[in-house]
2 protein chains.
Amino acid sequence: MVKRTSFEGDSCPVARALEAIGDWWSLLIIREALSGQRRFGEFQSKLGMAKNILSARLRALVDHGILATAPASDGSAYQEYVLTPKGRGAFPILVALRQWSEEFDDRPEEIATILVDRAKGRPVKKLELHAEDGRRLSSAETTLKPRLARRRRSV
Amino acid sequence: MVKRTSFEGDSCPVARALEAIGDWWSLLIIREALSGQRRFGEFQSKLGMAKNILSARLRALVDHGILATAPASDGSAYQEYVLTPKGRGAFPILVALRQWSEEFDDRPEEIATILVDRAKGRPVKKLELHAEDGRRLSSAETTLKPRLARRRRSV
DNA sequence: GCAACTTGGTTTTATGATGCAACCACTGGA
DNA sequence: TCCAGTGGTTGCATCATAAAACCAAGTTGC
């Protein structure tokens with residue numbers, strides 16, 4: 001098979017996440033959903049993507065338990081796509097991507113929005129990784145440990 | 001052109017990040033680089049990807065300033081690919097993806113590794129988003145604000 | 001010093017994924 | 001009933017990816 005390689009059986013959690021949301025559009029759809037969009041047409045017009053691709057992506061996200069379909073809240077007969085807890089759990093991934101752009105983008109002046117604390121209107125803090133005891137950890141201060149049975153497959 | 005849409009001009013920082021590292025392989029290459037891999041052959045054998053694709057990805061990552069080429073540290077005439085600060089800055093993205101899998105994966109028992117504090121061997125804490133004043137923020141407690149273009153008094 | 005092997009790729013070819021436009025079914029309103 | 005808007009599906013052209021063959025320079029064994 002000359003298929004696009006699947007990471008489904010991979011034991012690395014990063015690869016497993018990418019299997020679900022590692023394509024070009026899924027994270028943007030989740031981003032829109034987190035900011036309140038629910039309808040097919042809303043996603044399509046906000047993202048400007050082809051309808052067949054959107055259709056396929058929405059179906060895949062529903063299959064992965066990231067979105068769920070629900071009857072429209074406005075009483076019409078159409079349906080809506082709403083985030084599940086798993087979908088809302090992707091929020092830190094989006095924040096990490098956003099902050100990475102803010103810090104390293106070559107043309108940061110082209111970035112149009114800032115993520116702020118809704119209550120105070122002030123920018124949020126950077127995501128930081130901490131140890132159990134609260135020490136701030138850089139990537140060099142972490143390492144990977146096999147979980148149970150030793151199966152080898154890197155990071 | 002019926003080209004794959006580019007997010008390069010997009011003003012959303014999430015889209016801009018995906019433009020650079022939103023494809024299937026780039027984040028996995030960065031993951032390997034963070035865990036110490038440097039050589040073409042190391043990436044190729046660890047990731048099991050086609051060499052032409054790896055070649056194209058490495059070139060793109062170098063173009064984006066995420067990797068840089070350097071003479072091999074072992075004295076041979078070959079070259080190495082090392083992470084730039086921008087590349088190392090993607091660490092929180094990988095951690096976010098990893099933790100999302102750990103929390104929501106349908107078959108968490110297949111996940112082989114845990115990210116631990118190197119000093120103590122204990123699992124790291126979950127990434128959390130905090131406000132300036134330290135309050136923990138959920139996605140619902142944040143909002144997007146247009147970035148105020150700095151008022152330009154001179155040209 | 002030279003053949004054999006390794007490293008680090010490029011080229012070729014087949015196939016899957018994407019983008020776009022056209023088309024269609026259903027809904028809701030006048 | 002007619003008709004615009006919503007929510008898709010279908011075809012087709014093009015692009016990206018995968019796998020394997022190929023290749024050139026670097027390195028090793030002798």
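Convention: sequence-line order gives letters A, B, ...; per-chain numbering from 1. Every value quoted in this text rests on a predicted model; they were computed, and no experiment measured them. Values below: all heavy atoms of this structure, side chains included; hydrogens, waters and symmetry mates excluded.
- Distance B:Leu18 CG to C:dT18 P: 14 Å, rounded to the nearest Å.
- A:Glu103 and A:Lys126 are joined by a salt bridge, as a carboxylate oxygen and a charged side-chain nitrogen come within less than 4.0 angstrom of each other.
- In this entry the distance linking CD of B:Gln44 with C1' of D:dA19 reads 11 Å, nearest Å.
- Using a 4.0 Å heavy-atom criterion, one finds that B:Phe43 contacts no nucleic acid atom at all.
- The pair B:Glu132-A:Arg122 counts as a salt bridge, with a side-chain nitrogen and a carboxylate oxygen less than 4.0 angstrom apart.
- At most 12 non-hydrogen atoms from other residues, nucleotides or ligands lie less than 6.0 angstrom from NZ of A:Lys46.
- Closest approach to the A:Arg57 side chain among C:dA22, C:dG8, C:dT18 is made by C:dT18 (side chain taken as heavy atoms from C-beta onward).
- Put simply, CG on A:Asp23 is 14 Å from C1' on C:dG16, counting in whole angstrom units.
- Salt bridge status for A:Arg98 with A:Glu102: present, with a side-chain N to carboxylate O gap under 4.0 Å.
- Atom pair A:Arg39:CZ and C:dC26:P shows a separation of 18 Å (rounding to whole Å applied).
- A salt bridge links A:Glu110 to B:Arg16: one of the charged nitrogens lies within less than 4.0 Å of a carboxylate oxygen.
- Looking at every heavy atom in both residues, A:Pro92 comes nearest to A:Leu127 through O-CD1, 3.7 Å.
- Comparing B:Leu58 and A:Ser76 against DNA chain C, the residue whose closest nucleotide sits nearer the 5' end is B:Leu58.
- Looking at the side chain of B:Ser55, the nearest of the listed nucleotides C:dT18, D:dT17, C:dG9 is C:dG9.
- Positionally, the nearest nucleotide of DNA chain C for A:Ala50 lies more toward the 5' end than for the other of A:Tyr78 and A:Ala50.
- Of the side-chain N and O atoms in B:Trp25, one or more sit less than 4.0 angstrom from OP1 or OP2 of D:dA18.
- Taking atom CE of residue B:Met49 and atom P of nucleotide C:dT10, one finds them 13 Å apart after rounding to whole Å.
- For the pair B:Asn52 CG and C:dA14 C1', the interatomic distance rounds to 13 Å; values are reported in whole Å.
- The CG-C1' distance, from A:Leu54 to D:dG8, rounds to 10 Å in whole Å.
- Bending across the helix from C:dG1-D:dC30 to C:dA30-D:dT1, expressed as the angle between its end axes from five pairs apiece, amounts to 20° (10° rounding).
- For B:Tyr81, the listed nucleotide lying nearest its side chain is C:dG9; candidates were C:dG9, D:dA18, D:dG7.
- Rounded to an integer number of Å, the gap from CG of B:Leu47 to C1' of C:dG8 is 16 Å.
- One distance of note links CZ of B:Arg136 with CD of B:Glu141; it measures 8.5 Å at 0.5 Å rounding.
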